[in-house]
Visitor: 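Below you will find the structure I want to go over with you.
Computed from a predicted model, the values in this text were never measured in an experiment. All values below were derived from every heavy atom in this structure, side-chain atoms included, with hydrogens, water molecules and symmetry-related copies excluded.
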Amino acid sequence: MDKTTEHTGYNPLFMTRAIELAGLGSQGGYGGPFGAVVAREGVIIGEGYNSVTSSNDPTAHAEVVAIRNACEYSGSFQLTGCDIYCSCEPCPMCLGAIYWARPARVFFASTKADAADAGFDDQFIYEQLDLPFENRQIPMFYIKEDQAKQVFEKWKANPSKTKY
């Protein structure tokens, strides 16, 4: 089975573009060898490459940049009906952003093991999530504040809120 028929809707041109963008991101000073595109109905509506070090933004991963661009283009915070093409399996942060954006599918060309072999190992983040807050590498503390819960109560009662 070839890649074009293996997954319904897969478009190899979009993956080629994601990999091209990864090549741009891998050039000195940009941020890392990762690229991503968001496509809807056969058209790329957002793309990005890792620009963490060039933008001094630790959230400027390829997938997050592509999602931001696609959402701006589409005028929506959700990417319903879109596909995301990534040069590599998304890291935990990007995976979270992808789930919040709600695309239809995600295709990736290399794995987190490939990324780890190149020096981008996120396994410690997965492990940190399972630890009690106070035992994490960056200790976290729950400080109960009633005012914080009141904000959620107001949100729940707001009939004009935008659900997501």
Side-chain angles (χ1 to χ4, degrees), residues 1-131 136-138 140 155 161-164:
M1 194 178 291
D2 70 59
K3 291 179 183 177
T4 57
T5 59
E6 185 175 342
H7 299 287
T8 303
Y10 173 78
N11 186 324
L13 297 176
F14 297 150
M15 186 61 78
T16 297
R17 180 62 182 153
I19 295 167
E20 288 173 355
L21 290 164
L24 289 174
S26 69
Q27 295 177 11
Y30 284 108
F34 303 94
V37 301
V38 178
R40 179 176 38 208
E41 298 176 358
V43 176
I44 293 175
I45 64 168
E47 60 181 34
Y49 55 82
N50 186 304
S51 58
V52 169
T53 57
S54 64
S55 65
N56 293 318
D57 180 354
T59 68
H61 288 202
E63 297 89 338
V64 172
V65 172
I67 288 168
R68 288 175 181 160
N69 290 335
C71 288
E72 182 176 349
Y73 174 84
S74 65
S76 175
F77 60 88
Q78 293 187 349
L79 298 175
T80 307
C82 294
D83 292 328
I84 300 180
Y85 291 77
C86 310
S87 64
C88 186
E89 182 177 0
C91 75
M93 178 185 68
C94 293
L95 190 58
I98 288 167
Y99 273 98
W100 282 115
R102 296 179 177 87
R105 295 173 292 221
V106 176
F107 301 100
F108 57 91
S110 57
T111 67
K112 63 183 179 181
D114 298 325
D117 185 57
F120 298 91
D121 191 353
D122 298 320
Q123 185 59 38
F124 79 96
I125 296 173
Y126 294 105
E127 293 167 0
Q128 291 287 303
L129 292 172
D130 289 333
L131 294 175
R136 293 179 180 173
Q137 184 177 1
I138 300 173
M140 299 181 183
W155 170 260
K161 66 182 172 255
T162 301
K163 294 181 182 181
Y164 62 99

Visitor: Do the side chains of Phe14 and Ile44 get nearer than 4.5 Å, heavy atoms only?
Guide: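 Side-chain contact under 4.5 Å: yes.
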Visitor: List the atom of Asn50, the atom of Val52, and the distance in Å for their closest heavy-atom pair.
Guide: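 Looking at all heavy atoms of both residues, the closest pair is OD1-N, 3.0 Å.
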Visitor: Any side-chain heavy atom of Ser87 within less than 4.5 Å of one from Leu21?
Guide: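 No, too far: nothing below the 4.5 Å cut-off.
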Visitor: Check whether any side-chain N or O of Asn69 sits under 3.5 Å from a backbone N or O of Ala66 as a donor-acceptor pair, and report yes or no.
Guide: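 Side chain of Asn69 to backbone of Ala66: no pair is present.
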Visitor: Quick one: ring pair (Phe, Tyr, Trp, His ring centres under 6.0 Å) partners of Phe34, sequence neighbours excluded?
Guide: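 For Phe34, the residues satisfying ring pair (Phe, Tyr, Trp, His ring centres under 6.0 Å) (neighbours in sequence not counted) are Phe120.
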Visitor: Taking all atoms of both residues into account, what is the closest heavy-atom pair of Cys94 and Glu63, and its distance?
Guide: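 The pair with the smallest heavy-atom distance is SG-OE1, 3.2 Å.
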Visitor: Would one find more than 12 heavy atoms of other residues, nucleotides or ligands at under 6.0 Å from atom OH of Tyr99?
Guide: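 Atom OH in Tyr99 is not packed in, count stays at 12 or less.
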Visitor: Can you confirm whether Tyr10 sits close enough to Met15 that some side-chain heavy atom of one is under 4.5 Å from a side-chain heavy atom of the other?
Guide: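 Side-chain contact under 4.5 Å: yes.
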Visitor: For the residue pair Asn56 and Pro58, what are the closest heavy atoms and their distance?
Guide: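 Reported closest heavy-atom pair: O-CD, 3.9 Å.
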Visitor: Is the shortest heavy-atom distance from the side chain of Ile125 to the side chain of Cys91 under 4.5 Å?
Guide: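 They are not in contact (no side-chain heavy atoms under 4.5 Å apart), so the answer is no.
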Visitor: Name the residue from Val38, Ile67, Asp83, Ile98 that meets the side chain to side chain contact (heavy atoms under 4.5 Å, CB included) definition with Pro103.
Guide: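 For Pro103, the side chain to side chain contact (heavy atoms under 4.5 Å, CB included) test succeeds with only one of Val38, Ile67, Asp83, Ile98, which is Ile98.
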Visitor: Applying the side chain to side chain contact (heavy atoms under 4.5 Å, CB included) criterion to Cys82, which one of Arg102, Arg40, Arg105, Glu41 satisfies it?
Guide: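 Between Cys82 and the candidates, side chain to side chain contact (heavy atoms under 4.5 Å, CB included) is satisfied uniquely by Arg40.
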Visitor: Knowing that exactly one of Cys88, Ser26, Ser110 qualifies, which makes a side chain to side chain contact (heavy atoms under 4.5 Å, CB included) with Pro33?
Guide: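 Testing Pro33 for a side chain to side chain contact (heavy atoms under 4.5 Å, CB included) against Cys88, Ser26, Ser110 leaves exactly one candidate, Ser26.
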Visitor: Taking atom OH of Tyr126 as the centre, does the number of heavy atoms from other residues, nucleotides or ligands within less than 6.0 Å exceed 12?
Guide: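 It does: Tyr126 OH has more than 12 such atoms within range.
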Visitor: Grab the two heavy atoms, one from Cys71 and one from Ser76, that are nearest each other, plus how far apart they are.
Guide: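 Looking at all heavy atoms of both residues, the shortest contact is CB-O, 3.0 Å.
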Visitor: Got more than 12 heavy atoms from elsewhere within 6.0 Å of CD, Glu72?
Guide: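 Atom CD in Glu72 is not packed in, count stays at 12 or less.
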Visitor: For the pair Glu89 (side chain) and Lys112 (backbone), establish whether a donor and an acceptor sit closer than 3.5 Å, ignoring hydrogens and angles.
Guide: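 Yes; judged by distance alone, with no hydrogens or angles, the pair exists.
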Visitor: Do you know which two heavy atoms are closest between Val65 and Ser51, and how far apart they sit?
Guide: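 What the structure gives for the nearest pair is CG2-OG, 4.3 Å.
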Visitor: If every non-hydrogen atom of Thr59 is compared with every non-hydrogen atom of Met93, which pair is closest and at what distance?
Guide: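 In terms of heavy atoms, the two residues are closest at CA-CE, 3.7 Å.
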Visitor: Do Ser54 and Tyr30 make a side-chain contact, defined as non-hydrogen atoms from C-beta onward lying under 4.5 Å apart?
Guide: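 Side-chain contact under 4.5 Å: yes.
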Visitor: Using only atom types and a distance under 3.5 Å, with no angle test, would you say the side chain of Arg136 pairs donor to acceptor with the backbone of Gln128?
Guide: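 Indeed, once roles are kept as given, a pair shorter than 3.5 Å links the two residues.
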Visitor: So, do Arg17 and Tyr85 sit near enough that their side-chain heavy atoms are less than 4.5 Å apart?
Guide: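 Answer no - side chains too far apart.
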Visitor: Taking the side chain as every heavy atom from C-beta outward, state whether Leu24 and Gln27 have any atom pair closer than 4.5 Å.
Guide: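 Counting from C-beta outward, Leu24 and Gln27 do come under 4.5 Å.
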